[in-house]
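The structure appears right after this line, and notes come after that.
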Amino acid sequence: MSEETYALNLSELQESLRERVRAAAAEKFGVELEQFPAEVPPRTELGDLAFPVAFELAKRIKQATGEKRNPRAIAEELKQVLESDAAVARVEVAGAGYLNLFYDRARLLAALSSSTTEATAAAPSSEDRPKRMVEHTSVNPNKAAHIGHLRNSVLGDTFVRILRANGERVEVHNYIDNTGVQVADVVVGFQHLEGMSLADVRALDASLKEDYPFDYYCWDLYARVGLFYRGGDPDAKEDPERLKLRVETLHALEEGGNATAELADYVATRIVHQHLDTMRRLGITYDLLPRESEVLHFLWSHAFERMKESGAIHFQTEGKNRGCWVMPMEGHEGSEEHEPDKVIVRSNGTITYTGKDIAYQLWKLGQVDLNFYFKPFRTEPDGHAVWTTTSNKEEAASDAPHFGAGATVYNVIDSRQSYPQEVVKRGVAAVAPQVGEAASAHLSYERVVLTPAAAEELGLELSTEEKSRTFVEMSGRRGLGVKADDFIDTLEANALREVEGRHPDIPDEEKRAAAHALAVGALRYFLMKWTRNSVIVFDFKEALSTKGEAGPYCQYAAVRANSIFRKLPNGELENAQRLIASSAAEGGEAAESVRKVFEGEIGDEIWSLVTLAARLPQVLQQSASFAEPSHLAKYTFQLAQAFNFFYNRDENRILEERDAVRRAVLVYVTDFVRTQLTSALATLGIEVPERM
RNA sequence: GCACCCGUAGCUCAGUUGGAUAGAGCGUUUGACUACGAAUCAAAAGGCCGAAGGUUCGAGUCCUUCCGGGUGCACCA
């Protein structure tokens, strides 16, 4: 390696160059720069890095001294400072005063490989790091998961992977509302519509076929209950008399220790397992499943005390909220119909959803001393243990991990809950000012809706009003939605057909594995390519596509790169790595011959591919700080696209390249790109199959 | 009424914390497979970035107003 140790990756190099600019600005112009941007020029010909800092300096100098200086002249002075860095080959002053830096391509190329292996070797997250709590999925355990739920889970899981890729310590929660209205409704269905006992439901469950499992059964049953409440007319209002069944059932669930609660527990637990099965197909797992029943029984009273002590809530003795414990929401306007205060405990003594949420959030942040009892829920095939909470002390495992006590909390919840989430954040801050609002983040996202065409494909009869709209909302009550398992099945079947056609000779097991990887790639990419606050209008044709901006496109680029290495003689990659490293270390002619490969139009193209691939750590960092996984998805696609462009050039055909140095560079670059691409895809939860 | 989100190519969307000539995919038209894999690539066409002001050396990006769409503002969960 080089005799001088300089930055190993681009962001470190960039930071050290920025430091040089900062120092030079202070020394030469007496200006202290705080934050100033460094950017990637729009085209490689313009350089690898640009500092549009001369404009800012000209302004600051004028402010300080009244002296008017030309930005170009300022840039010229900074130019020399930057050129003295060994990693910088040259600097150009462009346009009105841009400082454009060109890296020493031979040197940087050699430095990149070592930084990559370090960056992609799944940075171990040390125990003493602050813990990031991510809650996602949290699907009501009363029916099969649909595509809208998948957006939540994939978003949450991808964010978890991004945090981990940044070396963060993460704990993943999937909150289980096992005593809520939605579970109660399905119980009403079993008990009152079908006259079933727990034993009957168990027997039914055991008798159901694979293509119509329990969660699908409940999906339909739930829709029937919705219809039942409306007296059989989907457009009618809910009948208060029939709704009494719901209230009674809900009451029994909260009470516990009765047949209705037992039935509910069976339904909820059974469906949680099915949800976990569904999510596991996409590579999604959890550390802890906190259940509402335990939040109510164990956590609430302690959290309630803290809320009262801290003055975050107070008892209302008059007005509309008389008899309630409320939290004032300052800055939120009240009106005739809307009180500015938020009710936490109702006048009948029951707790609102928001109240429970604040309690749970306080626990996540280590602000409630009490701990739950934990027991193992199940172990995934890869050995990952999933835990849950329990009210039964006897069941409690003594070797449970230390859950809770996180430094920050990210809740993946759709944007309609922005206001309740705001209340939770403020509530936590009111109870625990030292934690404040900054510890709570709402990862809000827009929902998945259906095109009218997609809704009709699902067999729904649309009203003329709905047909004229651009989209139709999914509705559990109407039983309208694209079931997650159905959709994954379709994706896998389509992919299997394609693989079958291309590689009829490979073993069936490999075909199925490839089809699965492609289905996951298509689905996860499809759900991740949009920014969080963009509504996904689900269209079958688009969601099933594997062409263009899609997961399989990215996988295909990696597969093609890998297949080159299958055909390369043993040891050629290692030789290429040695050659690049030694040429950079020795300099002189050896380095010159490497530089020559990067000259000209094609050289620029190859170099731009290298710098794009090298940007992965920055993209990961940015995706984490903006909490926006779609940035990573977009980047991954761009990298795949850039590789395909490189790959399709006749001049870049590695196996036919005769020039030893050029061939070594091509091998080295291709290896670097496939490593970064594979790493980016892995962070998106997408695997690269051997063949596809 | 109040708060938040969105308005960019025919369609669906990006646009890197204010930077250089606003980009992709789909769709349309044309071309490239006895292959380092065509789930690919090349090329063409397509734009008053909702409107009007303002701040700035510089605005799709920031501020104000307006227009048009979405979502919240429960003692529901």
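Worth knowing before you read on, the calculation uses all heavy atoms, side chains too, and leaves out hydrogens, waters and symmetry mates.
Residue-to-nucleotide contacts include a donor-acceptor pair under 3.5 Å from the side chain of A:N100 to the base of B:A20. Interface remark: the A:R502 side chain does form a donor-acceptor pair with the B:A39 base, using a distance-only criterion of under 3.5 Å. On a pure distance criterion of 3.5 Å, no polar donor-acceptor pair joins the side chain of A:S418 and the base of B:C4. Remark: the A:H503 side chain and the B:G37 base include a donor-acceptor N/O pair separated by less than 3.5 Å.
When distances run from any side-chain atom of A:T531 to the nucleotides B:A20, B:A14, B:A39, the shortest one goes to B:A14. For A:R416, the listed nucleotide lying nearest its side chain is B:G72; candidates were B:A77, B:A20, B:G72. Out of B:A20, B:G37, B:A77, the shortest distance to the side chain of A:Y98 is found at B:A20. Listed candidates were B:A39, B:U12, B:G37. Nearest to the side chain of A:W530 is B:U12. Among B:G37, B:A39, B:G15, the nucleotide with an atom closest to any side-chain atom of A:K547 is B:A39. Nearest nucleotide to the A:E542 side chain, out of B:C75, B:U40, B:U12: B:U12. Comparing B:G25, B:A20, B:C41 by their closest approach to the side chain of A:E549 singles out B:G25. Side chain of A:V343, nearest nucleotide from B:C75, B:G15, B:U17: B:C75.
Note: CD (A:E628) to C1' (B:G15) measures 12 Å, nearest angstrom. Taking atom CZ on A:R532 and atom P on B:C6, their separation rounds to 11 Å, with Å as the unit. For A:L496 and B:A39, the CG to C1' distance is 15 Å, given to the nearest whole Å. Taking atom CD of A:E422 as the reference point, atom P of B:C4 lies 10 Å away to the nearest angstrom. Atom-to-atom, CZ of A:F471 to C1' of B:C11 comes out at 16 Å; the value is rounded to the nearest Å. Atom NZ in A:K59 sits about 12 Å away from atom P in B:G18, given to the nearest Å. In this structure, OH of A:Y353 is placed 13 Å from P of B:C73, rounded to the nearest angstrom. In this structure, the OH atom of A:Y525 is 19 Å from the P atom of B:A39, given to the nearest Å.
No contact: A:F565 has no heavy atom under 4.0 Å from any strand. Looking at heavy-atom distances under 4.0 Å, A:V499 makes contact with a base. Note on A:P37: nothing from the nucleic acid sits closer than 4.0 angstrom, heavy atoms only. Contact annotation for A:D539: no contact, since no heavy-atom pair falls under 4.0 Å across all strands. In this structure, A:V619 reaches neither bases nor backbone, as no heavy-atom distance under 4.0 Å exists between it and the strands shown. Note on A:H442: nothing from the nucleic acid sits closer than 4.0 angstrom, heavy atoms only. Within 4.0 Å of A:G95, counting heavy atoms only, lies no atom of the nucleic acid at all. Residue contacts shown for A:A50 include a base, since a base heavy atom lies under 4.0 Å away. At the heavy-atom level, A:R447 lies under 4.0 Å from the strands shown only through sugar-phosphate atoms. Counting any heavy atom pair closer than 4.0 Å across all strands shown, A:Q622 reaches sugar-phosphate atoms only and no base atom. Among the atoms of the strands shown, base atoms are found under 4.0 Å from some heavy atom of A:L518. Contact annotation for A:S347: base contact, defined as any heavy-atom pair under 4.0 Å involving a base atom.
Remark: A:N533 is in phosphate contact with B:C6, judged by side-chain N or O atoms under 4.0 Å from OP1 or OP2. When the side-chain nitrogen and oxygen atoms of A:K567 are compared with OP1 and OP2 of B:G37, one or more of them lie within a distance under 4.0 Å. Side-chain nitrogen and oxygen atoms of A:Y556 include at least one within less than 4.0 Å of the OP1 or OP2 phosphate oxygen of B:A39. OP1 or OP2 of B:A35 has not a single side-chain nitrogen or oxygen of A:Y647 nearer than 4.0 Å. Listed pair A:Q641 / B:G25 meets the phosphate criterion, a side-chain N or O lying under 4.0 Å from OP1 or OP2. At least one side-chain nitrogen or oxygen of A:Y553 sits closer than 4.0 Å to the OP1 or OP2 atom of B:C41. A:R560 has a side-chain polar atom (N or O) that falls below the 4.0 Å cut-off from OP1 or OP2 of B:A38.
Taking the charged nitrogens against the carboxylate oxygens, A:E500 and A:R497 have no contact shorter than 4.0 Å, which rules out a salt bridge. The pair A:R151-A:E446 fails the salt-bridge criterion, with no side-chain N (NZ, NE, NH1 or NH2) lying under 4.0 Å from an Asp/Glu carboxylate O. A salt bridge between A:K356 and A:E254 is absent, with no side-chain N of the basic residue lying under 4.0 Å from a carboxylate O of the acidic one. Checked for salt-bridge contact, A:E56 and A:R60 meet the test: a charged N lies under 4.0 Å from a carboxylate O. For the pair A:R242 and A:D239, the salt-bridge criterion is met [side-chain N within less than 4.0 Å of a carboxylate O].
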What dot-bracket string describes RNA chain B from 5' to 3', counting Watson-Crick and G-U wobble pairs whose defining distances are under 3.5 Å, with [ ] for crossing pairs and | for pairs to another strand? (((((.(..((((.....[...)))).(((((.......))))).....(((((..]....)))))).)))))....
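Taking for each of A:E656 and A:H631 the nucleotide of RNA chain B with the nearest heavy atom, the 5'-most of the two is the partner of A:H631.
Pairs engaging residues 539-569 of chain A under the ring-ring contact (aromatic ring centres under 6.0 Å, His included) rule: A:F538-A:F540, A:Y553-A:F637 [sequence neighbours left out]. The list of side chain to side chain donor-acceptor pair (under 3.5 Å) pairs with a residue in residues 533-543 of chain A, not counting sequence neighbours, is empty.
Nucleotides B:A14 and B:U61 are separated by 13 Å at their C1' atoms, to the nearest Å. B:C48 sits 28 Å from B:C41 when the P atoms are compared, rounded to a whole Å. Distance check on atom P: B:G46 versus B:G10 gives 10 Å, rounded to whole Å. B:U65 and B:U28 have their P atoms separated by 45 Å, with the value rounded to a whole Å.
There is a side-chain donor-acceptor pair under 3.5 Å between A:N178 and A:S293.
A:R18 forms a cation-pi arrangement with A:F36, by the criterion of a distance under 6.0 Å to the ring centre and an angle within 45° of the ring axis.
None of A:E601, A:E656, A:E657 except one satisfies the salt bridge (charged side-chain N to carboxylate O under 4.0 Å, His left out) rule with A:R649; the exception is A:E601.
Both thresholds, 5.5 Å between centres and 30° between ring planes, are not jointly met by A:F637 relative to the base of B:A24, so the two rings are not stacked.
A tilted orientation is assigned to the rings of A:F646 and A:F643, their planes being inclined by 30° to 60°.
Side-chain N or O atoms of A:N140 include none that pairs as donor or acceptor with a backbone N or O of A:N142 at under 3.5 Å.
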